[in-house]
Structures are given as C-alpha cells and as structure tokens.
Amino acid sequence: MRILTVCGLGQGTSLILRMNVESVLKNIGVTAEVENSDVSTALCEKADLIITNKELAENLANSPIPILIVKNYFDKDEIQNALVSYFKKSE
C-alpha cells in the first residue's frame, strides 16, 4: 500500500503528517509506504490513499484516489481513528 500525506507545499506539515501516519500504522500493524507531497504533485502520483485536510481535499476532488481527511496533523489519536475506520470500510 502506498499512502500520500499532502499539504500545500509538500514540505512542512505533510512531513509531520507522514511521520505521524507512519507511527500510527506501526501501532495498528499495517505496512505501507508513506510519502509526503504537495497538492499538484499528488494529482499525478499513483497511490492507494491520500491523507490531507478538508481544504486541500477540495483541490483533490477529481482524483480517483480515496482521500482521508484529518483536521489536526499533530493528533495521533485522530489519525489513528481515521485510519482504523478507513481500513474497516475497505475490508
């Protein structure tokens, strides 16, 4: 599985989100390649899931890749709840 974490420029907050997603995935026992990206690049990438905030998700609305929205990139509990819900729906 390949996951993209997305922010406006693909450097700051998407990197923080990536590190938190990697930590959560490890805790829930899911193996995935996680990369951070900016919005424009994310539209061209091949991935299984995009994780971003509501505002940036609107810019990705035409993407065929499922989008998981989180409000706080620093909140590991929120990220974990979102990922667990996503994986349960995918089963």
Side-chain angles (χ1 to χ4, degrees):
M1 167 170 262
R2 184 164 185 251
I3 298 173
L4 290 178
T5 59
V6 176
C7 73
L9 297 175
Q11 297 174 354
T13 52
S14 64
L15 177 59
I16 292 166
L17 179 58
R18 183 183 107 197
M19 292 185 303
N20 287 334
V21 167
E22 289 172 334
S23 175
V24 166
L25 290 172
K26 184 177 179 181
N27 287 342
I28 63 174
V30 174
T31 302
E33 175 187 341
V34 185
E35 295 183 25
N36 53 300
S37 175
D38 65 280
V39 175
S40 299
T41 304
L43 288 169
C44 303
E45 292 285 331
K46 292 184 180 180
D48 300 299
L49 178 64
I50 292 174
I51 304 175
T52 192
N53 63 34
K54 182 180 178 183
E55 293 78 21
L56 294 176
E58 292 171 4
N59 294 325
L60 298 165
N62 293 329
S63 173
I65 303 167
I67 300 171
L68 189 63
I69 296 172
V70 294
K71 292 180 184 177
N72 185 343
Y73 288 7
F74 297 90
D75 186 345
K76 287 185 183 180
D77 289 332
E78 178 190 358
I79 295 166
Q80 181 167 323
N81 290 336
L83 283 168
V84 167
S85 294
Y86 172 78
F87 289 122
K88 282 184 180 180
K89 289 179 186 177
S90 299
E91 291 179 345

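Throughout, numbering of the chain's residues begins at 1 and tracks the sequence.
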Checklist outcome for this item: Taking every heavy atom of L25 against every heavy atom of A32, the minimum-distance pair comes out as CD1-CB, 3.8 Å
Checklist entry - Would you call K26 and E22 a salt bridge, using N to O less than 4.0 angstrom? => result no
Item to check | Distance-minimising heavy-atom pair for G8 and D38 | outcome: O-CB, 3.5 Å
Item to check | Pairwise side-chain contact, S14 with V6, heavy-atom cut-off 4.5 Å (strictly under) | outcome: no
Next on the checklist: For S63 and I50: C-alpha separation, side-chain torsions, deciding distance, then whether side chain to side chain contact (heavy atoms under 4.5 Å, CB included) applies.
Outcome noted: CA-CA 10 Å; S63 173; I50 292 174; 4.1 Å; yes
Checklist outcome for this item: CZ (F87) and CG (L49) are apart, to the nearest 0.5 Å, by 6.5 Å
Checklist entry - What distance separates I28 CD1 from S23 OG, expressed to the nearest 0.5 Å? => result 10.5 Å
Item to check | Pairwise distance CG(N36) to OG1(T52) - rounded to 0.5 angstrom | outcome: 11.5 Å
Item to check | Nearest non-hydrogen partners of L56 and Y73, listed with the distance | outcome: CD1-OH, 4.2 Å
Next on the checklist: Which heavy atom of A47 sits nearest to which heavy atom of L4, and what is that distance?
Outcome noted: CB-CG, 3.8 Å
Item to check | Minimum-distance pair of heavy atoms, taken over all atoms of A82 and V70 | outcome: CB-CG1, 4.2 Å
Checklist entry - Which atoms form the tightest heavy-atom contact between A42 and L60, and what is the distance? => result CB-CD2, 4.1 Å
Checklist entry - How many angstroms lie between atom CD of E35 and atom CD of E45, to the nearest 0.5 angstrom? => result 6.5 Å
Next on the checklist: Looking at D48 and I3, would you say the former's side chain and the latter's main chain have a donor-acceptor pair under 3.5 Å?
Outcome noted: no
Item to check | Inter-residue atom distance K76.NZ - L83.CG, 0.5 Å rounding | outcome: 12.5 Å
Next on the checklist: If I take atom CD1 from residue I69 and atom OH from residue Y86, how far apart are they, to the nearest 0.5 angstrom?
Outcome noted: 13.5 Å
